[in-house]
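Residue numbers begin at 1 in each chain, while the letters A, B, ... track the order of the sequences. Just so we're clear, the structure is a prediction, and the values are computed from it rather than from any experiment.
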Protein chains: 2
Amino acid sequence: MEGLDRRAVLRTGLLAGGAGAAAVAATHLAVEANRAGVGSRAAAPTAVRPAVLPFRGSRQSGVVDAPQPFAAFVGLDLPEGATRLTCRRLMRVWTDDIERLMAARGPLTDLEPELAAVPSRLSVTVAVGPGFYAAAGLDAVRPSWLAPLPAFAVDRLNRDWPQTDVLLQIRADSPVSVAHAARRLVVGAEPLAVQRWVQRGFREPLTDARPGMPFRNLFGQVDGTVQPATDGSDDRLVWLGADPATGGDGAEAAGTPAPKGLAGGTSLVIRRIAMNLDTWDQIDRAGREHAVGRRLGSGAPLTGRVEADLPDLAATDDLGFPVIDPVSHVRRAMATEPHERILRAPYSYDDPPAPGQRSNCGLVFVSFQADPVRQFVPIQQRLAEADLLNIWTTPLSSGVYAVLPGAQAGEDLGAALLD
Amino acid sequence: MEGLDRRAVLRTGLLAGGAGAAAVAATHLAVEANRAGVGSRAAAPTAVRPAVLPFRGSRQSGVVDAPQPFAAFVGLDLPEGATRLTCRRLMRVWTDDIERLMAARGPLTDLEPELAAVPSRLSVTVAVGPGFYAAAGLDAVRPSWLAPLPAFAVDRLNRDWPQTDVLLQIRADSPVSVAHAARRLVVGAEPLAVQRWVQRGFREPLTDARPGMPFRNLFGQVDGTVQPATDGSDDRLVWLGADPATGGDGAEAAGTPAPKGLAGGTSLVIRRIAMNLDTWDQIDRAGREHAVGRRLGSGAPLTGRVEADLPDLAATDDLGFPVIDPVSHVRRAMATEPHERILRAPYSYDDPPAPGQRSNCGLVFVSFQADPVRQFVPIQQRLAEADLLNIWTTPLSSGVYAVLPGAQAGEDLGAALLD
């Protein structure tokens with residue numbers, strides 16, 4: 001598989017039913033395109049991606065890369081009495097282990113390197129919480145947004161998934177790669193950090209074969225239509241310390257320079273949202289589309305024809321009522337300021353139900369943004385105040401982390417922060 | 001995606017790094033081969049498979065098909081007071097729902113048909129337990145092997161996953177398809193049957209790209225080397241009522257005609273086996289290979305060079321000790337009679353760990369065989385008596401089911417049994 005991404009093939013017309021010569025030609029193009037693209041960071045979901053993602057660089061993988069179909073989010077805590085040295089040692093261990101895992105080799109202590117050996121676009125993204133700053137004696141330089149998110153009225157937070165000192169986001173094309181990497185990184189970290197919880201999720205593996213149809217959650221709802229561009233033009237919405245020249249529309253988002261040690265990093269918000277399929281089942285299509293404000297099939301707003309159409313909030317029906325309900329999800333989620341934009345990378349979960357339960361499923365909501373308080377909180381505040389979807393959803397956890405910058409050659413993760 | 005399997009492409013030389021013209025030629029072949037293969041039942045793992053598996057036919061899908069990477073096994077019980085009419089109604093509902101789901105359409109009552117719409121080789125295989133026969137008043141024709149498996153010394157059976165009246169095996173290339181199909185079939189069955197438990201599992205999606213390297217479990221161990229042929233020559237080992245003329249080596253396995261209503265069916269054994277990665281981590285490669293009796297890398301027996309080599313049990317080392325330990329897994333699992341052969345289709349599981357646990361993982365062992373008492377029990381008996389792998393594994397559940405024959409056109413599943 002090395003050197004050629006199966007998705008490069010999936011994205012060609014080949015698999016859309018194109019026959020014979022046309023299919024062959026399309027594949028030939030994919031082969032060529034991929035050869036040029038190997039080693040480069042993928043951007044838009046239609047770009048060609050290598051089977052191995054880069055570890056070394058100014059930014060970590062797993063942020064702007066199109067989300068791989070499997071993910072594990074692992075929350076870990078530092079031990080009591082941890083110091084900056086503990087933090088440095090942890091990053092030393094993980095830097096080496098992650099570099100090897102992402103290159104499809106096992107860590108040095110790996111006794112099952114065969115489980116790491118199939119390149120599957122593994123990305124491991126390391127992020128830290130407020131407790132990491134406290135242990136490292138760095139409270140003075142902690143970004144103001146790296147603090148508990150406001151309590152939202154809809155939250156029913158569960159102590160099973162608290163904010164932790166450290167977070168690993170592990171994503172890959174193969175669930176075996178994710179399981180193996182999570183295991184090796186958790187075992188390798190002890191006793192410098194101890195696992196507190198794991199949340200696993202998945203997305204449709206074939207989504208890329210259907211350009212223009214992004215993530216669909218287990219309500220059947222298209223999720224993630226409006227996203228910042230990942231071609232660089234919206235970098236200041238997503239990355240800390242991005243060059244203002246590449247700020248594009250969102251240049252006003254990051255009003256301040258990156259906090260110490262975080263240039264090339266970002267923030268990650270993770271919220272576990274239970275989805276009640278039993279009550280959702282009681283609502284017909286029209287009721288669902290009314291609650292969402294979009295067509296379930298196409299993802300188009302109720303006032304539009306295709307997913308990319310902008311919702312027309314002024315449109316009314318024959319009786320004079322708004323076509324898009326003022327408390328529909330799409331209306332409440334819509335940015336009211338240009339900087340209220342976040343890069344979403346959510347995953348569905350479908351865990352074993354408790355006895356008597358039919359389903360235990362929902363969404364691991366994940367978003368990246370330069371400043372969660374400025375970009376994410378206003379959106380979430382509006383949704384918490386009023387959003388028809390709240391009838392069927394319950395947030396069970398809420399965490400915020402600073403995604404560290406990438407590790408340059410010869411450097412450990414977190415070097416600029418912990419020096 | 002319709003009409004062309006992405007795996008057809010994966011299996012060509014294309015993705016093995018072949019460049020330019022060669023790659024294009026290989027893909028062209030795959031396109032042609034697939035066109036011929038659409039609609040046919042897949043056999044050997046290297047055969048070309050369509051993106052949609054057939055529902056109608058004399059045998060159900062999901063038995064000899066190369067296992068899709070995702071699975072959910074759903075155990076359901078009939079309600080108290082269930083009769084043969086309950087069983088018939090349940091099969092009427094499921095026959096229609098499964099036919100639609102496997103054709104990448106939602107069931108008639110499906111409010112999220114978009115989640116069913118991506119063809120992903122979904123197979124839903126229906127099997128029934130002793131309680132189904134009792135409810136239907138069919139105890140007199142229940143096969144003798146459709147009864148609790150013997151208690152094995154190693155078993156630590158947990159009441160979370162008991163034997164149930166009915167089992168759904170749901171497998172697909174996409175975890176979204178599996179989640180959606182499981183949900184719709186469980187909701188659609190109520191109140192004719194009620195879900196008791198769900199077990200989810202996964203395999204490496206890319207395995208097919210590496211012919212000759214079968215399933216690898218989370219111990220890193222190659223699992224499933226010795227399998228009956230699925231080209232028809234071993235049909236009497238796998239299927240009930242197989243034509244003796246196609247019996248091949250295993251012609252002696254099925255000594256009796258198929259039990260009433262099960263010609264074209266088989267039996268399914270499912271055992272949940274916890275794997276203790278914490279203690280497994282304490283054993284080095286040599287110790288692991290000694291316990292398994294095979295090399296971890298190649299899967300070859302310790303006396304051989306490649307996976308397909310037969311273990312040489314007589315071989316001794318310089319000190320005169322047997323190279324393959326008499327209580328190694330490969331030695332104990334080896335058939336001592338020619339009929340002790342089963343078709344294994346296991347899945348790894350990696351569920352959310354309880355607080356304080358690092359991993360909650362293992363194997364959903366699944367095997368198909370014409371007669372589990374004759375073919376499976378002797379193997380499992382030997383493993384339970386002595387197998388070095390028992391140190392790190394614990395069976396948590398043990399169930400046996402009769403897989404119904406396929407539904408012919410115009411017929412419901414179980415028609416021949418319930419008429």
Side-chain angles (χ1 to χ4, degrees), chain A residues 1-4 6 9-10 14-17 19-20 23-24 27-28 31 35 69-70 111-112 114-115 118 120 160 173-176 179-180 183 186-187 195 197-200 202-206 209-210 216 218-220 277 281 283-285 288 296-297 348 350-353 355 358-359 361, chain B residues 1-4 6 9-10 14-17 19-20 23-24 27-28 31 35 69-70 111-112 114-115 118 120 160 173-176 179-180 183 186-187 195 197-200 202-206 209-210 216 218-220 277 281 283-285 288 296-297 348 350-353 355 358-359 361:
Chain A
M1 288 297 299
E2 261 129 324
L4 182 57
R6 64 196 172 110
V9 178
L10 284 176
L14 174 59
L15 296 195
V24 171
T27 305
H28 185 66
V31 172
R35 230 181 263 141
F70 306 97
L111 291 167
E112 305 99 22
E114 292 85 3
L115 294 182
V118 183
S120 63
D160 288 348
D173 285 341
S174 161
V176 177
H180 178 68
R183 169 81 195 173
V186 165
V187 171
Q195 175 179 286
W197 47 254
V198 187
Q199 300 189 53
R200 289 195 179 72
F202 57 84
R203 305 166 66 97
E204 175 63 68
L206 302 180
R210 303 185 297 168
R216 209 178 262 281
L218 293 179
F219 278 170
L277 292 191
D281 268 352
I283 312 302
D284 64 13
R285 297 273 292 188
R288 293 170 174 205
L296 293 172
S348 291
D350 189 19
D351 282 349
R358 285 195 293 201
S359 304
C361 70
Chain B
M1 288 297 297
E2 261 132 324
L4 185 56
R6 66 197 172 109
V9 178
L10 284 175
L14 173 61
L15 297 195
V24 171
T27 304
H28 185 65
V31 171
R35 230 179 263 143
F70 306 97
L111 292 167
E112 305 100 22
E114 292 86 3
L115 294 182
V118 184
S120 64
D160 288 348
D173 285 341
S174 159
V176 176
H180 178 68
R183 169 81 195 171
V186 165
V187 171
Q195 174 178 285
W197 46 255
V198 187
Q199 300 190 52
R200 289 196 179 70
F202 58 84
R203 306 166 66 98
E204 174 64 67
L206 301 179
R210 304 185 296 168
R216 210 178 260 281
L218 294 178
F219 279 172
L277 292 190
D281 268 350
I283 311 301
D284 64 13
R285 296 273 291 188
R288 292 170 174 207
L296 293 172
S348 291
D350 189 17
D351 282 349
R358 286 195 293 202
S359 303
C361 70

Of all the heavy-atom pairs spanning B:R285 and A:E114, show the shortest one and how long it is.
NH2-OE2, 2.7 Å
For B:F202, the ring pair (Phe, Tyr, Trp, His ring centres under 6.0 Å) test, sequence neighbours excluded, returns none
Structural part of B:D281 lying under 4.5 Å from a heavy atom of chain A:
both
Count the heavy-atom pairs under 4.5 Å between each of B:V187, B:L218, B:I283 and chain A, then report the option with the highest count.
B:V187
Do you know which two heavy atoms are closest between A:A179 and B:D350, and how far apart they sit?
CB-OD2, 3.2 Å
Contacting moiety of B:R358, where chain A heavy atoms sit under 4.5 Å:
both
Shortest non-hydrogen pair, B:P353 vs A:R200, comes out as CD-NH1, 4.4 Å
Using non-hydrogen atoms and a 4.5 Å limit, figure out which bit of B:P175 sits close to chain A: side chain, backbone, both or neither.
both
Select one option (side chain, backbone, both, neither) describing which atoms of B:S348 are under 4.5 Å from chain A's heavy atoms.
neither
Which residues pass the side chain to side chain donor-acceptor pair (under 3.5 Å) test with B:Q195, sequence neighbours left out?
none
What part of B:R183 gets closer than 4.5 Å to chain A, counting heavy atoms only: side chain, backbone, both or neither?
side chain
Side chain, backbone, both or neither: which part of B:F219 has a non-hydrogen atom closer than 4.5 Å to chain A?
backbone
Flag the one option from A:D284, A:L277, A:L296 with the top tally of heavy-atom pairs under 4.5 Å to chain B.
A:L277
From CA spacing to verdict: side-chain contact (heavy atoms from CB on, under 4.5 Å), B:V176, A:R216:
CA-CA 9 Å; B:V176 176; A:R216 209 178 262 281; over 6 Å; no
